[in-house]
Protein chains: 2
Amino acid sequence: MGIFSKTCEYAVRAVFFIAQRTADGSRVGIKEIAVNIDSPEHFLAKILQDLSRRGIIQSVKGPNGGFYLDAQSLARPLSDVIEAVDGGGIFRDCGLGLKECSSKNPCPLHHDFLDVRNRLQNMLESITIGQFNEDLNLGIVVLKK
Amino acid sequence: MGIFSKTCEYAVRAVFFIAQRTADGSRVGIKEIAVNIDSPEHFLAKILQDLSRRGIIQSVKGPNGGFYLDAQSLARPLSDVIEAVDGGGIFRDCGLGLKECSSKNPCPLHHDFLDVRNRLQNMLESITIGQFNEDLNLGIVVLKK
DNA sequence: ACAATAAAAGATATTTATATCTTTTATTGT
DNA sequence: ACAATAAAAGATATAAATATCTTTTATTGT
Ligand code: FES
Ligand code: FES
């Protein structure tokens with residue numbers, strides 16, 4: 001596994017995809033999302049249900065229903081998705097697994113980890129969910145393969 | 001889980017502990033290591049067996065036996081331990097889980113991830129297993145609690 | 001009202017990571 | 001040779017992450 005759990009990777013890819021596909025106010029269904037971000041459909045459904053309950057994404061049932069993002073959601077920092085799915089541990093926990101990460105009783109790598117973690121956090125807090133819509137449209141960046 | 005697997009966290013903590021405890025040429029047993037880095041003994045044994053097979057740490061059986069590190073091992077970069085336990089994925093894989101991480105078909109976060117990953121890699125490649133012995137002796141850094 | 005649609009929810013299955021226990025092998029000192 | 005020691009190896013066990021399948025609920029258009 002990488003920096004995030006697989007679950008979280010799916011969540012971020014899905015959220016980016018929904019952002020791009022529903023910029024015009026339409027909705028996109030779970031099947032279409034799953035196919036386009038290359039994720040297991042039913043598993044992704046669970047993930048998106050959870051994000052929907054938390055208000056990070058929006059959804060409507062029934063015909064013409066699906067997932068979408070309102071203006072507020074599009075403006076959210078990506079870190080909100082990470083926190084919702086994986087929790088904030090990646091931003092805060094000791095890189096060597098000590099129960100407490102503190103500059104009082106630091107592990108040998110505390111100083112270095114703090115730096116890497118802060119960079120990661122700053123990066124994810126300054127990226128918004130909607131900011132790649134255009135690049136995705138242009139094919140400059142991709143969400144599968 | 002954090003940036004590394006739990007397995008890998010145990011491995012790094014253990015390796016640091018062995019380095020400190022055997023700087024005088026002695027050996028340290030699995031039980032003592034486990035207690036001092038707060039890890040499950042038998043599980044850690046498996047991990048250290050693997051590191052021993054790979055030549056990253058040294059061990060001898062029998063009375064006065066245990067784990068230790070030769071001069072070469074003390075000088076190893078910490079990245080070798082990470083690579084041995086978790087594989088190099090953390091240094092190379094796409095942060096969003098795309099099968100290939102490439103600047104040709106990049107994910108939206110490719111640029112940012114590349115930076116974070118490279119920093120992490122540089123950091124772990126420039127840290128040696130033995131370099132915290134003194135800080136550990138002085139209690140400036142710790143491996144448990 | 002009704003039928004069709006699509007997400008939500010519930011239940012279950014599979015795989016991987018983590019952990020424990022037992023037996024074997026190598027080494028040492030007597 | 002022998003008994004004691006400690007890691008290595010083997011066999012299971014448990015927990016968590018990942019994945020699939022089925023049933024229910026909300027919404028829409030007719
Ligand atoms: S104590 Fe380990 S990263 Fe802070
Ligand atoms: S393609 Fe995603 S990090 Fe490089």
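Lettering follows sequence order; numbering is per chain, from 1. Only heavy atoms go into these numbers, but all of them, side chains included; no hydrogens, no water, no symmetry mates. Please read these numbers as outputs of a predicted model, since none were measured by experiment.
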Exercise. Could you run down nucleotides 12-21 of chain C 5' to 3' and tag each one B, S or - for protein heavy-atom contact under 4.0 Å?
Worked result: ------BBBB
For this session: Using the salt bridge (charged side-chain N to carboxylate O under 4.0 Å, His left out) rule, collect all pairs that involve residues 81-98 of chain B, keeping only residues at least two apart or in two chains.
Result: B:E83-B:R92
Exercise. Which residues satisfy the salt bridge (Lys or Arg N to Asp or Glu O under 4.0 Å) test with A:E32, sequence neighbours excluded?
Worked result: A:R21
Problem set entry | Whole-Å gap separating C1' (D:dT18) and CD (A:E9) | 12 Å
Exercise. For DNA chain D, which residues in residues 28-36 of chain B have a heavy atom at a distance below 4.0 Å?
Worked result: B:V28, B:G29, B:I30
Problem set entry | Length of the line joining A:Q58:CD and C:dA6:P, which is rounded to integer Å | 19 Å
Exercise. Hey, what else clusters with B:L98 if you join Ile, Leu, Val, Met, Phe, Trp, Tyr whenever side-chain heavy atoms sit under 4.5 Å?
Worked result: A:V142
Seminar exercise, completed: Residue pairs passing the side chain to side chain donor-acceptor pair (under 3.5 Å) test with at least one member in residues 33-50 of chain A, sequence neighbours excluded, are A:D38-B:K99, A:D50-A:R53, A:D50-A:R54
For this session: Report the residue from B:L120, B:V12, B:I3 that forms a side-chain contact (heavy atoms from CB on, under 4.5 Å) with B:I82.
Result: B:V12
Exercise. Applying the side-chain contact (heavy atoms from CB on, under 4.5 Å) test to B:I18, which of B:I129, B:I37, B:L48 qualifies?
Worked result: B:L48
For this session: Would you kindly say whether A:S52 and A:Q58 are connected by a side-chain donor-acceptor distance under 3.5 Å?
Result: no
Seminar exercise, completed: Expected list for residues 12-25 of chain A near DNA chain C, using heavy atoms below 4.0 Å, is none
Exercise. Does the cation-pi check pass for A:R27 over A:Y68, that is, NZ or CZ under 6.0 Å from the six-membered ring centre and within 45° of its axis?
Worked result: yes
Exercise. Please, which pairs that meet ring-ring contact (aromatic ring centres under 6.0 Å, His included) have at least one residue in residues 94-141 of chain A, sequence neighbours excluded?
Worked result: A:F16-A:F132, A:F113-B:F4
Exercise. Heavy-atom contacts under 4.0 Å between residues 80-91 of chain B and DNA chain C, which residues?
Worked result: none
Seminar exercise, completed: To the nearest angstrom, the CZ-P distance between B:R54 and D:dA8 comes to 14 Å
For this session: Runs of at least three consecutive Watson-Crick or G-U pairs, both distances under 3.5 Å, are what I'm after; which ones involve DNA chain C?
Result: C:1-30 with D:1-30
Using atom names, set out every protein N or O paired with an N or O of nucleotides 27-30 of chain C below 3.5 Å, distance rounded to 0.1 Å.
none

For this session: Please collect all side chain to side chain donor-acceptor pair (under 3.5 Å) contacts where either partner lies in residues 130-145 of chain B, sequence neighbours excluded, each pair once.
Result: B:Q20-B:N137
For this session: Check whether any side-chain N or O of B:D80 sits under 3.5 Å from a backbone N or O of B:R76 as a donor-acceptor pair, and report yes or no.
Result: no
